[in-house]
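Structure record follows, encoded as structure tokens.
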Amino acid sequence: MNDRPAGTGVILVTFFVAALLEVIPMPGQLDWVRPEWLLLVLIYWVLVLPQRIGVLWGFFVGLYHDVLVGTTLGQWGLAYALGAFVMLAAYKRMRVFNGLQQSAVVFLLVGTASLLAFLVQESVGHTLYPPYTILYASATSALFWRLVVAVLHWVQLRFLVR
Amino acid sequence: MVAPANPSYRLLIALILAVVLMVLDQRTPWAKPVRYWLGYLTAPVHYLAHLPVDTGEWLSEQTQSRSDLISDNNHLKRQVLILEQKVQRLAVLEAENVRLRELLNSSADLGANVLVAEIIGVDPDPNRQEMIINKGAGDAVAEGQAVLDAQGLIGQVISAGPLSARVLLITDASHAMSVQVNRNGVRAVLAGTGQSGLLRLLYVPDTTDIKVGDLLVSTGLGQRYPRGYPVARVTDISHRAGTPFAQITALPTAHIDRASHVLLVQPVDDDNAVLKPATGEEQP
């Protein structure tokens with residue numbers, strides 16, 4: 001089995017689907033608990049392919065998120081780059097964690113990234129609600145993490161991403 | 001497995017890039033091309049997210065019965081008749097208005113071109129009141145254009161991508177515009193609150209003649225919105241002793257959270273244009 005990278009297109013498609021989930025209309029209050037799908041998918045790919053998917057991927061995926069939802073350019077770019085960096089530092093430990101521990105790490109990671117994005121949004125004056133509101137989305141992100149892993153693991157095996 | 005290269009330098013590059021982009025985006029127009037070109041990649045996502053709605057509409061159109069269509073048609077014909085009659089009177093009034101303005105030595109209001117667009121997405125962030133429409137720079141949509149529906153003003157275009165555009169609603173907390181009471185011409189600043197369906201009149205003294213039910217229309221003073229469009233209706237006034245101003249809330253006349261199609265008012269190419277992209281109090 002060779003180790004040449006393959007499946008970049010598949011990775012891009014998974015980000016595209018995550019972006020779709022990120023903007024798909026949901027009834028009123030559910031917007032508060034919408035998981036950070038793009039960040040979850042990014043964390044997964046960094047976890048399984050740390051030699052390919054890293055900080056710069058994180059930055060550009062974050063920039064895409066910025067344009068998608070109309071925030072200040074670089075707001076999510078910064079947050080995602082940092083998220084990818086932390087994951088790169090911790091992927092070896094993360095791989096031996098059990099489900100609950102992994103979810104806890106995801107909760108902290110999404111929370112940290114969202115806090116960073118919140119700080120930027122706050123400094124340009126586009127926040128109305130207190131910062132603890134980002135915890136809702138972080139919590140649901142942690143809840144959905146096992147599902148994301150299950151789906152993306154299947155995708156990875158099915159389309160031979162390496 | 002090969003160990004990844006030291007990612008610290010890459011993080012540094014990403015951090016510098018991000019900060020530079022943020023500053024450029026906030027302070028200068030130079031980051032606009034980035035947003036514009038990435039718009040080619042983000043617009044398909046918004047279109048796709050709107051697909052279920054489109055499909056539903058298409059299905060219900062296909063399954064409408066003949067009798068429904070006939071009754072619809074009759075209803076619309078009657079409506080056209082009524083509207084045509086109103087337009088006839090409007091033409092006379094408009095001509096009269098121009099003559100009177102000439103007498104007063106002030107320039108005449110010009111009509112504006114209108115473009116119809118469909119709403120294909122709303123912003124998922126509860127902190128902001130924005131929506132995405134399916135017309136972009138390719139359809140001559142430009143920043144600063146006013147967006148309205150049949151009942152009143154909805155907002156303004158804040159960024160035009162190649163295939164879609166982003167509209168800032170008048171209910172956004174960062175939005176404020178100049179309005180006047182239709183009944184007596186009292187002017188005030190109408191600001192959004194961040195909650196849909198709730199607007200606030202700012203800095204109105206307690207003694208000002210504003211009543212519940214008053215219609216607020218745009219004044220065009222910020223040079224962003226055309227003059228004379230209905231914006232909101234006053235719903236509540238409270239005078240509290242100890243505060244310098246009256247607390248006045250208003251409800252947008254436009255059906256912002258129910259509209260599916262909106263009108264974009266194109267600026268008229270003239271010195272006297274009622275709508276000019278300009279910087280002013282109404283900048284987001």
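Note on naming: letters A, B, ... go to the chains in the order of the sequence lines (proteins, then strands), and numbering restarts at 1 for each one. It should be emphasised that the depicted structure is a prediction, and the values quoted were computed from it without experimental measurement.
Proximity to chain B involves both the backbone and the side chain of A:Tyr64, based on heavy atoms less than 4.5 angstrom apart. With a 4.5 Å cut-off on non-hydrogen atoms, B:Thr193 touches chain A through its backbone but not through its side chain. Of the two parts of A:Leu30, neither the backbone nor the side chain holds a non-hydrogen atom closer than 4.5 Å to a non-hydrogen atom of chain B. Looking at A:Thr133, neither its backbone nor its side chain comes within 4.5 Å of chain B, counting heavy atoms on both sides. Proximity to chain A is absent for every atom of B:Leu24, based on heavy atoms less than 4.5 angstrom apart.
Atoms CG and CG, on B:Leu21 and A:Leu63 in that order, are 6.0 Å from each other to the nearest 0.5 Å. Atom NE2 of A:His65 is separated from atom CG of B:Leu38 by 13.0 Å, given to the nearest 0.5 angstrom.
Contact of the B:Leu11 side chain with the A:Leu88 side chain is not registered, since no non-hydrogen atoms from C-beta on lie closer than 4.5 Å. Side-chain contact between A:His126 and B:Asn127 is absent, with no heavy atoms from C-beta onward closer than 4.5 Å. Counting heavy atoms from C-beta outward, A:Phe59 and B:Ile13 have side chains that stay 4.5 Å or more apart.
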Yes or no on side chain to side chain contact (heavy atoms under 4.5 Å, CB included) for A:Leu78 and B:Met22, after CA distance, side-chain angles and deciding distance?
CA-CA 10 Å; A:Leu78 185 73; B:Met22 278 180 221; 3.7 Å; yes
Test side chain to side chain contact (heavy atoms under 4.5 Å, CB included) on A:Gln121 and B:Asp125 and set out the steps.
CA-CA 11 Å; A:Gln121 198 165 329; B:Asp125 185 349; 2.9 Å; yes
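Atom OH of B:Tyr203 is surrounded by 12 or fewer heavy atoms from other residues, nucleotides or ligands within 6.0 Å. Atom OH of B:Tyr36 has more than 12 neighbouring heavy atoms from other residues, nucleotides or ligands inside a 6.0 Å radius. Remark: A:His153 NE2 is loosely packed, at most 12 non-hydrogen atoms of other residues, nucleotides or ligands lying under 6.0 Å away. Counting non-hydrogen atoms of other residues, nucleotides and ligands closer than 6.0 Å to CG of A:Leu100 gives a total of 12 or fewer. Within a 6.0 Å sphere centred on CD of B:Gln62, heavy atoms belonging to other residues, nucleotides or ligands number more than 12.
Counting heavy-atom pairs closer than 4.5 Å to chain A, the top-ranked of the candidates B:Leu15, B:Leu41, B:Val19 is B:Leu41. No other option in A:Val120, A:Val55, A:Leu21, A:Asp66 has as many heavy-atom pairs under 4.5 Å with chain B as A:Val55. With chain B as the partner, the residue from A:Val124, A:Thr127, A:Leu82, A:Thr72 showing the most heavy-atom pairs under 4.5 Å is A:Thr72. By number of non-hydrogen pairs under 4.5 angstrom with chain A, the leading residue of B:Gly161, B:Ala14, B:Gly121, B:Pro126 is B:Pro126.
Smallest separation of non-hydrogen atoms from A:Leu20 and B:Ala49: CD1-N, 3.6 Å. Residue A:Phe16 comes nearest to B:Pro44 through the heavy atom pair CZ-CB, 4.3 Å, listed as atom of the first residue, atom of the second, then distance. The two residues A:Leu128 and B:Gly194 come nearest to each other via the heavy atoms CD1-CA, 3.5 Å.
A donor-acceptor pair under 3.5 Å links the side-chain atoms of B:His46 to the main chain of A:Leu68, judged by distance alone. Judged by distance alone, with hydrogens and angles left aside, the side-chain atoms of B:Arg166 form a donor-acceptor pair with the main-chain N or O of A:Val69 at under 3.5 Å. One N or O on the side chain of B:Arg128 and one on the backbone of A:Gly70 form a donor-acceptor pair closer than 3.5 Å.
For A:Gln75 and B:Asp25, the side-chain atoms include no donor-acceptor pair closer than 3.5 Å.
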